[in-house]
Chemist: 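A single structure is presented below for examination.
Nothing fancy with the numbering, it's 1 onward along the sequence. One-based numbering, in listed order, for ligands and for the atoms of each.
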Amino acid sequence: MAHDDLQRPIGAADDWTIPQDWDAYTPAEHAMWDTLFERQAKMLPGRVVQEFLDGMDVLRMSKPGIPDFIELSERLMKATGWQVLAVPGLVPDRVFFEHLANKRFVAGRFIRRPDQMDYLQEPDIFHDVFGHVPLLANPVFAEYMQAYGAGGLRADGMGAIDRLARLYWYTVEFGLIREGEGLRTYGAGIVSSYAESIYSLDDPSPNRLGFGLKRLMRTNYRIDDYQQTYFIIDSFESLLKATLETDFAPLYKELEGQPDLYPPDVLPEDMVHTLGTQAYARLRTGP
Ligand code: HBI
Ligand code: FE
């Protein structure tokens with residue numbers, strides 16, 4: 001998903017940031033945030049990884065209304081040195097990586113309309129701030145995000161952004177993690193979605209496979225529906241370690257010769273936690 005055909009909107013700075021202009025939010029927009037927040041906050045305990053709930057506490061996310069990025073960034077800065085800045089929406093890959101490499105998370109300032117309650121294509125402030133920001137208060141995950149940004153800038157130079165985007169997609173956006181005897185969600189695309197928070201853990205349709213860096217980077221993904229495969233990490237430490245230990249240049253070279261995998265594919269060498277029925281996907285795309 002290259003985002004390089006985007007035009008920098010009028011009023012955005014060179015780094016695409018804009019003022020959040022928190023005072024401009026209407027009561028209806030604050031109410032939309034509260035509705036989405038209450039629905040997720042109620043259903044996440046026992047589903048989402050404990051570090052996410054810890055981050056919500058540290059950042060006092062339960063305060064009603066749309067978070068003010070100045071206040072949020074003050075708390076986040078104290079925890080891990082990160083800050084949250086507003087952007088008009090998706091920004092070009094390079095701009096995005098540059099911000100992450102400098103511990104800046106860029107979040108859309110707009111919030112979805114009530115009729116978009118359950119799905120919208122472009123990340124809004126609820127996806128970005130409720131979904132992504134709590135884990136940025138966790139030092140290990142925050143280091144992973146910064147390493148991802150730095151890696152993205154290098155990948156850009158090697159034409160390997162799409163490979164790295166898959167790693168982001170199957171971890172930061174749609175990752176699952178072991179916790180005790182069970183599985184928990186941590187990917188922002190899941191934790192900010194009521195239905196996918198249930199589907200990703202309980203539905204028999206998707207595969208749930210053990211994380212493998214090379215495996216993820218070969219695997220395509222869907223941006224328009226629930227995932228057909230979720231990957232499980234053992235811990236944020238193991239995810240960070242796998243990334244820091246890898247020399248990506250030879251890995252990109254090695255991957256060039258290998259065909260991409262489709263989202264539902266399962267390989268003999270995969271660590272299979274759940275072999276999905278793909279019943280949901282068939283329903284959605286027909287026989
Ligand atoms: N821009 N604002 C914003 N948020 C994202 O999550 C984002 C982006 N641009 C590019 C992008 N994500 C992904 O394509 C990168 O992981 C490659
Ligand atoms: Fe996201």
Side-chain angles (χ1 to χ4, degrees), residues 1-9 11-20 36 40 48 52 55 69 82-112 116 119-136 141-142 144-176 185-193 196-197 200 213 216-217 219-227 230-231 239 243 248 252:
M1 273 203 308
H3 297 90
D4 295 334
D5 45 2
L6 299 161
Q7 292 306 317
R8 186 156 56 87
D14 282 358
D15 63 2
W16 286 63
T17 55
I18 55 172
Q20 182 189 14
L36 289 163
Q40 288 314 99
V48 75
F52 180 92
F69 289 0
W82 277 71
Q83 55 184 313
V84 181
L85 297 171
V87 286
L90 287 176
V91 302
D93 294 339
R94 198 162 178 78
V95 171
F96 186 61
F97 294 137
E98 185 70 30
H99 281 300
L100 292 182
N102 292 283
K103 296 184 159 190
R104 295 188 297 262
F105 188 77
V106 287
R109 77 166 295 283
F110 76 97
I111 192 159
R112 67 193 74 180
Q116 296 171 305
Y119 193 77
L120 79 163
Q121 188 81 38
E122 173 129 1
D124 72 336
I125 191 168
F126 188 75
H127 168 97
D128 278 331
V129 175
F130 183 90
H132 283 282
V133 172
L135 278 177
L136 289 175
F141 191 81
Y144 173 66
M145 286 291 275
Q146 186 178 14
Y148 177 83
L153 293 173
R154 286 195 297 272
D156 192 30
M158 299 179 237
I161 283 193
D162 286 349
R163 295 276 180 213
L164 214 65
R166 291 169 179 178
L167 175 61
Y168 188 86
W169 192 265
Y170 282 116
T171 56
V172 180
E173 292 297 354
F174 291 97
L176 298 179
T185 61
Y186 73 92
I190 303 178
V191 301
S192 60
S193 157
E196 197 152 2
S197 287
S200 64
L213 201 58
L216 262 65
M217 295 174 110
T219 310
N220 252 314
Y221 54 86
R222 316 184 49 147
I223 61 166
D224 58 351
D225 209 338
Y226 299 158
Q227 300 309 305
Y230 296 96
F231 289 94
L239 175 62
T243 312
F248 282 87
Y252 295 143

Chemist: Report the residues that fulfil side-chain hydrogen bond (donor to acceptor under 3.5 Å, both in side chains) with Thr171, sequence neighbours left out, ordered by chain and then residue number.
Modeler: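 Residues passing side-chain hydrogen bond (donor to acceptor under 3.5 Å, both in side chains) with Thr171: Tyr144.
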
Chemist: Just let me know how Phe97 lines up against ligand 1, side chain, backbone, both or neither, with a heavy-atom cut-off below 4.0 Å.
Modeler: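 Only the side chain of Phe97 comes within reach of ligand 1.
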
Chemist: Taking the Fe ion (ligand 2) as the vertex, how big is the angle to NE2 in His127 and NE2 in His132, rounded to 10°?
Modeler: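 Result: 100°, to 10°.
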
Chemist: Can you confirm whether the side chains of Trp169 and Gln227 place a donor and an acceptor under 3.5 Å from each other?
Modeler: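 Indeed, the side chains of Trp169 and Gln227 share at least one donor-acceptor pair under 3.5 Å.
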
Chemist: State, with a plain yes or no, whether a side-chain heavy atom of Met217 is found less than 4.5 Å away from one of Phe248.
Modeler: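 In short, these two side chains touch, coming nearer than 4.5 Å.
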
Chemist: Give a yes or no on whether the ring-centroid distance for Phe96 and Tyr148 is below 6.0 angstrom.
Modeler: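 No, the ring of Phe96 stays outside the 6.0 Å limit from the ring of Tyr148, centre to centre.
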
Chemist: Is the shortest N/O to N/O distance between Tyr148 and ligand 1 below 3.5 Å?
Modeler: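 N/O-N/O distance below 3.5 Å exists for this pair.
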
Chemist: Which of the numbered atoms in ligand 1 are below 4.0 angstrom from a heavy atom of Leu90?
Modeler: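 Per the distance check, 1 (N), 2 (N), 3 (C), 4 (N), 5 (C), 7 (C), 8 (C).
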
Chemist: In Glu173, the N, O or S atom nearest to the Fe ion (ligand 2) is which?
Modeler: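 Output for this pair reads OE2.
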
Chemist: Quick check: does Val91 get an N/O under 3.5 Å from an N/O on ligand 1?
Modeler: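 For ligand 1, there is an N or O atom that lies under 3.5 Å from one belonging to Val91.
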
Chemist: Of all the atoms in ligand 1, which lie at a distance below 4.0 Å from a heavy atom belonging to Tyr168?
Modeler: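 Near Tyr168, the atoms of ligand 1 are 6 (O), 16 (O).
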
Chemist: Take the angle between the ring planes of Tyr170 and Phe231 and call it parallel below 30°, perpendicular above 60°, tilted in between.
Modeler: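 Plane angle over 60°, so perpendicular.
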
Chemist: Polar contacts were defined as any N/O atom of the residue lying under 3.5 Å from an N/O atom of the ligand; does this apply to Gly89 and ligand 1?
Modeler: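 Yes; at least one N/O pair falls below 3.5 Å.
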
Chemist: Indicate the atoms forming the closest heavy-atom contact of Val129 with Pro134, along with that distance.
Modeler: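 Nearest pair, atom of Val129 first, then Pro134: O-CD, 3.2 Å.
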
Chemist: With backbone taken as N, CA, C and O and side chain as the heavy atoms from C-beta onward, which portion of Phe105 lies under 4.0 Å from ligand 1: side chain, backbone, both, or neither?
Modeler: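 Neither; no heavy atom under 4.0 Å.
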
Chemist: Do His127 and Glu173 get their side chains close enough for a donor-acceptor pair, meaning under 3.5 Å?
Modeler: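 The criterion, which ignores hydrogens and geometry beyond distance, is satisfied for Glu173 and His127.
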
